[in-house]
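Data first, discussion second: the structure below is written as structure tokens.
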Amino acid sequence: MQIIYEYHDVSASSSLEAIAKDKLESLQKKFNFVHRADVFFKVQNRTDDKEQICDIRLSLPGPRIFASTHAETFEAAIAETIRDLEIQLNKTKDKMGAR
């Protein structure tokens, strides 16, 4: 799977990339039809402490899948975004199997 990282108002981090890569690769093992992931790390001023954002867009046959999470840390945002994507991928896999 090809993984593209983009940073907005955040310094590039190899540790964040390693965490995201590990979680995305485990997701790709379950759903082998995913062939590309675009990962975006952003910081946004908010009134709560959830200023760190992780957006992930997955490319696969058919429409792309997207999830975004605001959290106190990028690690928590990555984990929550992956959980959201897994739910969407399960629905997509069920639809693909039904055809």
Side-chain angles (χ1 to χ4, degrees):
M1 171 185 357
Q2 180 185 15
I3 303 173
I4 310 286
Y5 300 97
E6 289 189 33
Y7 295 88
H8 300 279
D9 300 324
V10 180
S11 298
S13 167
S14 59
S15 64
L16 283 178
E17 289 180 14
I19 293 168
K21 181 181 179 187
D22 182 53
K23 292 187 180 292
L24 284 167
E25 285 178 346
S26 68
L27 199 63
Q28 204 259 340
K29 287 179 184 175
K30 292 181 189 175
F31 307 99
N32 60 355
F33 52 86
V34 176
H35 54 78
R36 177 179 162 167
D38 298 300
V39 182
F40 305 91
F41 295 108
K42 307 175 193 176
V43 174
Q44 181 182 51
N45 289 333
R46 293 171 49 107
T47 55
D48 58 9
D49 290 336
K50 297 180 178 183
E51 296 181 343
Q52 304 197 12
I53 304 166
C54 176
D55 298 341
I56 300 178
R57 180 178 56 216
L58 297 179
S59 296
L60 49 127
R64 291 182 181 157
I65 293 178
F66 178 81
S68 178
T69 304
H70 296 256
E72 292 182 18
T73 65
F74 281 118
E75 292 82 0
I78 292 167
E80 183 63 30
T81 303
I82 293 291
R83 279 192 293 274
D84 292 346
L85 288 170
E86 188 167 7
I87 291 167
Q88 292 182 53
L89 285 167
N90 276 320
K91 290 178 183 178
T92 301
K93 188 174 183 178
D94 289 345
K95 286 181 185 177
M96 291 170 78
R99 293 182 185 170

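Values below: all heavy atoms of this structure, side chains included; hydrogens, waters and symmetry mates excluded. Only a predicted model underlies this, so the values are computations on that prediction, with no experimental measurement involved.
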To the nearest 0.5 angstrom, please state how far the [atom1] atom of [X] sits from the [atom2] atom of [Y].
{"X": "T69", "Y": "R83", "atom1": "OG1", "atom2": "CZ", "answer": "8.0 Å"}
{"X": "L60", "Y": "R36", "atom1": "CG", "atom2": "CZ", "answer": "12.5 Å"}
{"X": "F31", "Y": "S26", "atom1": "CZ", "atom2": "OG", "answer": "10.0 Å"}
{"X": "F40", "Y": "I4", "atom1": "CZ", "atom2": "CD1", "answer": "9.5 Å"}
{"X": "D94", "Y": "L89", "atom1": "CG", "atom2": "CG", "answer": "11.0 Å"}
{"X": "E51", "Y": "D9", "atom1": "CD", "atom2": "CG", "answer": "11.5 Å"}

Are [Y] and [X] connected in a single hydrophobic cluster, I mean Ile/Leu/Val/Met/Phe/Trp/Tyr linked by side-chain heavy atoms less than 4.5 Å apart?
{"X": "I19", "Y": "I3", "value": "yes"}
{"X": "Y7", "Y": "V43", "value": "yes"}
{"X": "F33", "Y": "I56", "value": "yes"}

How close do [X] and [Y] get, heavy atom to heavy atom, and via which atoms?
{"X": "H70", "Y": "K50", "answer": "CB-O, 3.7 Å"}
{"X": "A77", "Y": "A71", "answer": "N-CB, 3.6 Å"}
{"X": "E17", "Y": "Y5", "answer": "O-OH, 3.1 Å"}
{"X": "C54", "Y": "T81", "answer": "O-OG1, 3.2 Å"}
{"X": "I53", "Y": "D55", "answer": "CG2-OD1, 3.3 Å"}
{"X": "F41", "Y": "L16", "answer": "CZ-CB, 4.1 Å"}

Check: [Y] and [X] side chains under 4.5 Å, non-hydrogen atoms:
{"X": "V34", "Y": "L85", "value": "no"}
{"X": "V39", "Y": "L24", "value": "yes"}
{"X": "N90", "Y": "E86", "value": "yes"}

Passing candidate, side chain to side chain contact (heavy atoms under 4.5 Å, CB included) with E80, options D84, I78, I82: D84
